[in-house]
Amino acid sequence: MEKIQMTTPLVEMDGDEMTRIVWKMIKDELLLPFIDLKTEYYDLGLEYRNETNDQVTFDSAEATKKYGVAVKCATITPNAARMDEYDLKEMWKSPNGTIRAILDGTVFRAPIVVKGIEPYVGNWKKPITIARHAYGDVYKGVEMKVPGKGKAELVFTAEDGTEMRETIHDFDGEGIVQGMHNLNDSITSFAKSCFNYALETKQDLWFSTKDTISKKYDHTFKDIFQDIYDAEYADKFEAAGIEYFYTLIDDAVARVVRSDGGYIWACKNYDGDVMSDMIATAFGSLSMMTSVLVSPEGNYEYEAAHGTVQRHYYKYLNGEETSTNPIATIFAWSGALRKRGDLDGIEDLKVFADKLEEACIKTIEKGEMTGDLYLISTLENKKKLNTEEFIKAIRNTLDELMQ
């Protein structure tokens, strides 16, 4: 079969540990036999990030702005133990955080639904997409331990020297204090990305904060969303037959549990961090979760929602068999290829992406799966495969679909 031709490269961001091993398997077995794959390659493995003083991460983000579509492997965000393990110059920041800040993007995460992997919430029938704001709040927080009695204040000094001042707390003894911030421009980008993605996917959009308690901070999010919706998106949503509404975060949680799914739930940074893991686990597995970073300018970076699978990597290095689930990483590739095909008008590339995802789902529904899915699958006839066997099983299904 003649390979599918690409006209514009994808930005390819390689990663760390077991997901790096799986990354190569996916390319060799599922992509290169079918596509004349064009990528601009960036090695975001921790060793090379250390070697380049993390410049490679910044370069990969700028390349994403240039080409419009990227696909990223899972990467290590180092802690103190990793400093010693990899002999790092410094504790480099999260690559995901760096890329999100440069692209000013919103992360959309949705579960991959297959027969035999039943949601723990029985009435969930359709995927629930979490839209997570990816800037500020506790992730940019400044904090300190209070040693004893004293006053903690929130102070803003304007350019002309005038001050705004609020007392946070008069401490009678030891305690803790934290200051956090956000930017109206970033919240605006978050809102527009959410509205655009809802229109693109034709799904209702929910947005939730705690504005009844946080009457300035969270209320600003609510107001910006509503102002932008009223000015730019209300007519478009009505024409598309979809709905936008705001509700409190606690009401949203109750609504989500009672719903049958099939919508986008937009959350502030921390809420989205927590709720995306909850949604993933409640649908079955974090390894069955898609993730795409979307900027308001229309740049896309697809990745797996999980980490580098460190435990499996150490087993792999010791020559032991692993049964690592590659589905989320495969769907990162398929999402990026579909978007590339869409932007470049290459129908064959879009069809291939659809068939690659179909091959993954059909393989699992035939009862062939990795160990994590084997433990939770309700299928009667199922077989646990190791990492390589599972990818080859997907390849067999893909061959059938491509004929």
Side-chain angles (χ1 to χ4, degrees), residues 105-115 117-134 187-211 218 221-230 232-286 288-296 298 300 302 305 328 331 335 338-339 357 361:
T106 297
V107 180
F108 296 89
R109 289 182 171 173
I112 301 161
V113 178
V114 298
K115 293 176 184 174
I117 311 296
E118 304 300 329
Y120 290 101
V121 180
N123 47 283
W124 285 356
K125 307 301 180 189
K126 294 170 285 187
I128 298 167
T129 301
I130 294 288
R132 175 188 171 188
H133 188 210
I187 300 167
T188 298
S189 294
F190 173 41
K192 289 185 175 181
S193 292
C194 290
F195 290 131
N196 289 335
Y197 197 76
L199 287 168
E200 183 180 331
T201 59
K202 292 183 172 58
Q203 295 182 90
D204 290 343
L205 174 65
W206 305 5
F207 178 50
S208 60
T209 71
K210 193 68 171 176
D211 68 287
D218 281 24
F221 277 82
K222 176 186 177 182
D223 290 344
I224 288 174
F225 262 75
Q226 193 64 53
D227 290 346
I228 291 171
Y229 177 75
D230 291 341
E232 301 179 36
Y233 290 95
D235 292 343
K236 294 175 183 177
F237 268 55
E238 184 177 353
I242 58 176
E243 180 186 13
Y244 165 71
F245 73 87
Y246 172 84
T247 188
L248 289 169
I249 183 71
D250 34 350
D251 178 57
V253 171
R255 285 173 179 260
V256 166
V257 172
R258 291 195 302 265
S259 77
D260 63 355
Y263 48 82
I264 300 166
W265 179 14
C267 296
K268 288 170 56 195
N269 207 346
Y270 178 77
D271 296 341
D273 191 0
V274 174
M275 293 305 173
S276 63
D277 275 12
M278 184 274 288
I279 293 290
T281 304
F283 267 98
S285 171
L286 189 59
M288 298 288 286
M289 192 84 166
T290 64
S291 182
V292 56
L293 176 70
V294 183
S295 79
Y300 296 77
Y302 295 82
F331 270 64
R338 183 185 295 106
K339 180 54 66 175
E357 292 180 1
I361 292 169

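Side-chain contact check for Asp250 versus Lys210: some heavy-atom pair is nearer than 4.5 Å. With contacts defined as side-chain heavy-atom distances shorter than 4.5 Å, the pair Val294/Glu200 does not qualify.
Taking Asp204 as the reference, nothing meets the salt bridge (Lys or Arg N to Asp or Glu O under 4.0 Å) condition, with sequence neighbours excluded. Applying the side chain to side chain donor-acceptor pair (under 3.5 Å) test to Ser291 and every residue at least two apart in sequence or in another chain returns Arg109. For Thr188, the side chain to side chain contact (heavy atoms under 4.5 Å, CB included) partners at least two apart in sequence or on another chain are Lys192, Ile224, Ile228. Residues that satisfy the ring-ring contact (aromatic ring centres under 6.0 Å, His included) test with Tyr300, not counting sequence neighbours, are absent from this structure. Scanning for side chain to side chain donor-acceptor pair (under 3.5 Å) contacts around Asn269 gives Arg132, with sequence neighbours left out. Glu357 meets the side chain to side chain donor-acceptor pair (under 3.5 Å) test with Ser334, Arg338; sequence neighbours excluded. Scanning for ring-ring contact (aromatic ring centres under 6.0 Å, His included) contacts around Phe283 gives Trp124, with sequence neighbours left out. In terms of the salt bridge (Lys or Arg N to Asp or Glu O under 4.0 Å) criterion, residue partners of Asp260 (sequence neighbours excluded) are, by chain and number, Lys126. A search for side chain to side chain contact (heavy atoms under 4.5 Å, CB included) contacts involving Ala131 returns Thr106, Phe108, Cys194, Ile264, Ala266, not counting sequence neighbours. In this structure, the salt bridge (Lys or Arg N to Asp or Glu O under 4.0 Å) partners of Lys268, at least two apart in sequence or on a different chain, are Asp218. For Trp265, the side chain to side chain donor-acceptor pair (under 3.5 Å) partners at least two apart in sequence or on another chain are Ser208.
Not a single donor-acceptor pair under 3.5 Å links the side chain of Thr129 to the backbone N or O of Ala110. At least one donor-acceptor pair closer than 3.5 Å links the side chain of Ser276 to the backbone N or O of Asp273.
Under the 30°/60° scheme for interplanar angles, the aromatic rings of Phe221 and His133 are found to stand perpendicular.
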Please determine whether side-chain hydrogen bond (donor to acceptor under 3.5 Å, both in side chains) holds for the pair Tyr197 and Ser193, giving the CA-CA distance in whole Å, both sets of side-chain angles, and the decisive distance to 0.1 Å. CA-CA 6 Å; Tyr197 197 76; Ser193 292; over 6 Å; no
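From Ile128, atom CD1 reaches atom CE of Met278 across 7.5 Å, with rounding to the nearest 0.5 Å.
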May I have the list of side-chain donor-acceptor pairs in residues 236-249 shorter than 3.5 Å, sequence neighbours left out?
{"residue": "Tyr246", "atom": "OH", "partner": "Thr209", "partner atom": "OG1", "Å": "2.6"}
{"residue": "Tyr246", "atom": "OH", "partner": "Asp211", "partner atom": "OD1", "Å": "2.4"}
{"residue": "Thr247", "atom": "OG1", "partner": "Asp251", "partner atom": "OD2", "Å": "2.3"}

